[in-house]
Colleague: 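Dropping the structure in here first, questions after.
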Amino acid sequence: MTQPATNVSQIGGIARRPGGGESLADVLERVLDKGIVIVGDIGISVLDIDLLTLRIRLLIASAATAQEMGIDWWAHDPFYNSVARRDADENKELRERVEELERRLAE
Amino acid sequence: MTEASTQAHPASSVPARCLYLYGIVDGMIPPGLLAGAARGAPLEMTEAGRIAAVHTELDTAEFAAIEPDVREGSPLAELARRHDEVVTALALAGPVLPARFGTLLADRAVLSRLLEDGQVGLAQALDRVRGHAEWRLTIECESSDDSGAESAEATSGSAYLLARRDERARTVQRRSQLRTAMESLDNILASFADETTHLRLGGSGASARRAYLVPESSQQSFLTAADEVAAELSRAGCTVRLVGPLPAYSFADIELGSPAP
C-alpha cells in the first residue's frame, strides 16, 4: 500500500474530504472485528474481546437508532464529538475576530 | 470470519508483562519504519522464515481495565487508534496482516511457536494482499416514510386503507430502485477488486456495506468509477461513503493456534 493517507470520501455529488479523519466508530469496528485471531489457550485473555465488541456494537447501534429518531444531541456536543469541538473552537475564534474588527471600526 | 472463543485464564497464570501483537509482515521491515510507527513503547519483531510478527511489550493491567467507553480520548479509543496507526504505518512499507485489537501473548517463545506453525499460510496470505489496499464502502439511504402520517389525514376508513396501500407500494418501489442502484455500484466496484467481502444489506434494504481488495494499479480507476456511479444513489437521497486505502483488515481472516479441545 503506497498511499499514506486514509481518505474518507462521501461521493456522488457530496463534498469530498480527502485526508479527512475517521470516526472512532469506524476504527473500532475495523480493529475489533477483523484481522488475525489467536485461538485456543495460547493467547492471554485479560480482556474478553468478544464481549467488548458486542457491548460496543450495542452502544453504536443504539446511537444510530437514536439518530434515526432525531435524537442526536451528542453530535453537536463538543464534549462527545471532535467535529463539534473543532466547530466550537472555530466559532469562538471567529467571534473574537469579529469583536476585534468592530472595536477597530469604532475607533 | 470465524470468531475465536476467548479462553479465560486463571488470574494467577496471567503475567504482569506480555506481548501485544499488531500484525504479521514480511521479514525485512526497515528498522526506521518500526521506530516511526512506535508511540510510547518501541516496536519489536520476531521472525520465522520470511515472515515476522510486529509487537510491543506492555503491562497486562493496561488492558485488563478497559471499559467499552466509545468517547474520543477514552483508554479504549486511545489504544484502538494506536493499534490502527501502527498497522497503517506498517502497510506503507509492504503487505501486512493486521492482528485483531487486544491480541496478547505471554512471551516471544509462544509467539515464535505460533509463527513456526503458521508460517506457510501466513506467507501465502501476505502474498494475497501484497500490492493491494482495502476500501470499505458504506451506503446509507433515508428510510422510506411508511409512518402513515399522510394516511391519518384521510377522513374515511376506505380512504385511509387506500392511502396506506399506495404508501406501501411507493416504499416497495423505492427500496427496489435503491437495491438496484446499490447492486449496480457494487458490481462496478467489485470489477476492479481482486477480492471482496460479502455484501451486507441492512435497514430493510436501505443500507449496504462491503470491503474491496483493490490492486494499487487499479485504485484511481476504482475511485473514478465510484464517483460516477454513486451520483445516482446520491440523487436518491443516499450517502455513499468510501474509506481507504486501508490495511487489509477484512482479508486477514486467519486463526493462529489450536482451538482448545
Colleague: Are any non-hydrogen side-chain atoms of B:R241 and A:D26 less than 4.5 angstrom apart?
Modeller: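 They are in contact (side-chain heavy atoms under 4.5 Å apart), so the answer is yes.
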
Colleague: Would you mind checking which part of B:L122 comes under 4.5 Å of any heavy atom in chain A, side chain (CB onward), backbone (N, CA, C, O), both or neither?
Modeller: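 Answer is side chain: those atoms of B:L122 sit under 4.5 Å from chain A.
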
Colleague: What's the spacing between A:L28 CG and B:F101 CZ if we round to 0.5 Å?
Modeller: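 Going from the CG atom of A:L28 to the CZ atom of B:F101 covers 7.5 Å.
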
Colleague: Would you compute the distance between atom OG1 of B:T103 and atom CD1 of A:I38 and round it to the nearest 0.5 angstrom?
Modeller: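 One gets 6.0 Å once the value is rounded to the nearest 0.5 Å.
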
Colleague: With the threshold set at 4.0 Å, does a side-chain nitrogen-carboxylate oxygen contact exist between A:K34 and B:E134?
Modeller: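 Here A:K34 does not pair with B:E134 in a salt bridge, since their nearest N and O are not under 4.0 Å apart.
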
Colleague: Are B:I254 and A:V37 packed together at the side-chain level, in the sense that at least one heavy-atom pair is separated by less than 4.5 angstrom?
Modeller: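 No, every pair of side-chain atoms sits at 4.5 Å or beyond.
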
Colleague: What closest approach, in Å, do A:L24 and B:R81 show between heavy atoms, and which atom pair accounts for it?
Modeller: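 Reported closest heavy-atom pair: N-NH2, 3.3 Å.
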
Colleague: Mind checking the CD-CD1 spacing from B:E255 to A:I36? Nearest 0.5 Å is all I need.
Modeller: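 Interatomic distance, B:E255 CD to A:I36 CD1, rounded to 0.5 Å: 11.0 Å.
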
Colleague: Could you check whether any side-chain heavy atom of A:R30 comes within less than 4.5 Å of a side-chain heavy atom of B:L246, counting everything from C-beta outward?
Modeller: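 Result yes, sub-4.5 Å side-chain heavy-atom pair found.
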
Colleague: Quick one: closest heavy-atom pair of A:V31 and B:H83, and the distance?
Modeller: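 Answer, listing the atom of A:V31 first, then B:H83: CG1-CD2, 3.8 Å.
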
Colleague: Between B:R130 and chain A, which part of the residue has a heavy atom less than 4.5 Å away: side chain, backbone, both or neither?
Modeller: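 Nothing of B:R130, per the 4.5 Å heavy-atom cut-off to chain A.
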
